[in-house]
Structures are given as structure tokens and as C-alpha cells.
Amino acid sequence: MARIGGRSLWLAWPAGLFCMAAVVGLGVLAAPGVPGTVAFVGDTLRAATGTPTAGEAEPVAPATDCRHLYAQPMWSALVWSPEALLSQRRTPPLSTVEAVAAAGPTTVVTCHWRGVGGRFLETTVSTVSVEGASTVAATLAAQGFACETAADATQTDVTHCERTSGDVKEVHDLRGDRWVSSTLSGWEPVGYAATVASHAFFGE
């Protein structure tokens with residue numbers, strides 16, 4: 001192979017190896033962010049290509065995992081925050097031992113967000129029987145929760161119970177066979193409880 005005048009192999013080889021090492025190093029550094037970036041881009045593209053229809057929308061399955069329990073802006077804010085760490089699991093509602101024992105719910109998903117300084121958010125979505133939902137509401141009311149029941153747009157009764165003690169806020173929403181229990185300790189994103197309840201009930 002012909003050589004170009006003025007070039008030295010003694011300099012070309014080390015320079016080439018250095019460039020290759022730099023490229024590999026940059027790839028290693030970027031690798032941890034690839035899954036999050038792919039998910040974010042995919043969600044954005046799906047939202048942008050959705051075509052709303054003028055007619056009646058098809059029913060959407062209620063959320064059964066943490067990703068689908070939050071609206072996109074709230075999910076992005078939590079996931080991309082360096083102070084928030086998500087743990088998805090299946091544990092009973094955090095603050096209602098008596099209600100859990102009385103109603104015997106089946107946990108669908110629990111989303112626990114750990115923040116700094118002991119702050120946290122935890123939401124559990126469970127299924128209960130009609131009798132179990134009534135038992136939950138009665139037990140919470142007996143524990144000092146402020147509870148009210150109102151019909152939603154589909155004329156289905158929704159029971160909302162809430163209690164604040166110090167910097168801990170507990171919110172419970174029951175509709176049909178769904179029980180959404182949220183505990184917010186020193187941390188309350190705007191509209192958090194209403195958002196997770198809406199997505200758990202309607203997927204939106």
C-alpha cells in the first residue's frame with residue numbers, strides 16, 4: 001500500500017488508538033441513559049401521532065403498572081429528577097392496616113418514589129369487592145378521615161377520603177372494584193392524588 005509523504009507510522013498508530021479509546025469511552029458513559037432516552041422519545045412520538053376521533057372514544061383499560069399511572073408531564077418530571085428513585089412492587093396500602101385487614105384487597109401495583117431527606121410518595125392500586133369498598137370507606141371514616149361520595153360522569157359512585165397529619169397526607173379513592181391509596185410524606189407534586197386516581201380508574 002502506498003504511503004503518503006510526510007506521514008509517520010509511529011505517530012499514526014498511537015493517534016488512531018487514542019481516538020478509538022475516546023469513542024469507546026464516550027459510548028460507555030452514554031450507555032446508562034439510552035433506555036430512558038428511548039422510552040422518552042417513544043412516548044413523545046406516540047403522543048404526537050395519536051389521532052383523536054370525533055365520536056365516542058373506546059374504553060381504556062385502567063393502569064396496572066407505574067408507567068401508566070401518571071400523566072406524561074408528571075412521569076417525566078419524576079423520572080428525570082435526580083432526587084427521585086422509583087420502586088415498583090406489590091405491597092398493601094401503606095397507612096391503612098385496619099382497612100386492609102377488613103377488606104382483604106388484592107394489590108395490583110405499588111409505586112414508591114423515594115426522595116431526599118426522607119421524603120417519599122407511595123401509591124397502591126388494589127381491587128376489592130363491593131362489600132370490601134364499603135368496609136374501607138367505613139374504616140377510614142372511623143379513623144378520622146374526611147370522606148365524601150359523589151357520582152362521576154358515568155354516574156358511578158366515587159368515594160374520596162383524605163387526612164393530613166403533620167407533613168404526611170393520606171388520600172384514598174374508591175370506585176367500583178378499584179381502591180387507590182396514596183401517602184405523601186413531605187412531598188406533594190401538584191395534582192398528584194387526582195392524577196393517579198384518574199389513571200387507575202380510567203387509564204387517563
Side-chain angles (χ1 to χ4, degrees), residues 59-71 74-75 77-79 83-204:
V60 180
T64 56
D65 59 43
C66 291
R67 171 60 191 91
H68 297 95
L69 200 58
Y70 301 88
M74 184 176 291
W75 174 258
L78 290 170
V79 167
E83 300 178 352
L85 179 63
L86 171 65
S87 297
Q88 178 170 303
R89 52 207 188 200
R90 290 188 178 181
T91 52
L94 180 64
S95 61
T96 54
V97 178
E98 295 84 358
V100 170
T106 300
T107 301
V108 177
V109 67
T110 296
C111 305
H112 181 93
W113 297 89
R114 187 180 70 196
V116 296
R119 302 185 311 156
F120 70 87
L121 307 169
E122 180 163 308
T123 295
T124 297
V125 180
S126 306
T127 57
V128 290
S129 64
V130 175
E131 296 78 11
S134 299
T135 300
V136 170
T139 303
L140 293 175
Q143 291 179 336
F145 282 80
C147 297
E148 59 180 13
T149 300
D152 62 14
T154 64
Q155 300 304 309
T156 301
D157 285 345
V158 178
T159 299
H160 177 85
C161 297
E162 188 172 314
R163 182 179 70 182
T164 300
S165 177
D167 63 351
V168 178
K169 182 176 182 179
E170 303 170 44
V171 182
H172 303 270
D173 291 286
L174 298 112
R175 179 186 187 276
D177 67 345
R178 290 267 161 156
W179 174 16
V180 184
S181 169
S182 295
T183 300
L184 303 89
S185 179
W187 185 12
E188 185 176 357
V190 176
Y192 179 89
T195 296
V196 294
S198 176
H199 280 68
F201 295 151
F202 310 109
E204 61 183 19

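All of these numbers come straight from a predicted model, not from anything done at the bench.
- When all heavy atoms are compared, the tightest approach of P93 to V100 is CD-CG2, 3.6 Å.
- With hydrogens and angles ignored, the 3.5 Å screen pairs no side-chain donor or acceptor of S165 with any backbone N or O of V168.
- F202 and D152 make their closest contact through CZ-OD2, 3.6 Å (heavy atoms, listed as atom of the first residue, atom of the second, distance).
- With a 4.5 Å cut-off on side-chain heavy atoms, E148 and T159 do not count as touching.
- For H112 and F120, the distance between ring centers is under 6.0 angstrom.
- Residue E122 forms a salt bridge (Lys or Arg N to Asp or Glu O under 4.0 Å) with just one option from K169, R89, R114, and that option is R89.
- Of all heavy-atom pairs between D65 and V109, the closest is CA-CG2, 4.1 Å.
- Taking the six-membered ring where tryptophan is involved, the planes of W113 and Y70 are perpendicular, since the angle between them exceeds 60° and thus also 30°.
- Residues T135 and A102 approach most closely at CG2-CB, 3.3 Å, considering heavy atoms.
- No side-chain heavy atom of S181 sits under 4.5 Å from any side-chain heavy atom of S126.
- Atom CG in L69 sits 9.5 Å away from atom CD in Q88 (nearest 0.5 Å).
- Closest non-hydrogen pair, A71 versus T195, comes out as N-CG2, 3.7 Å.
- Contact check for W179 versus T96: side-chain heavy atoms found under the 4.5 Å cut-off.
- Across S182 and T123, no two heavy atoms sit closer than the pair OG-OG1, 2.8 Å.
- Here the side chains of C111 and L86 are in contact, with some heavy-atom distance below 4.5 Å.
- Residues H172 and V136 form no side-chain contact, since every pair of their non-hydrogen atoms from C-beta on lies 4.5 Å or further apart.
- Paired with R90 under the rule side chain to side chain contact (heavy atoms under 4.5 Å, CB included), one option of V108, T124, T107 passes, and it is T107.
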Verdict with reasoning, V171 to D173, per side-chain contact (heavy atoms from CB on, under 4.5 Å): CA-CA 7 Å; V171 182; D173 291 286; 3.7 Å; yes
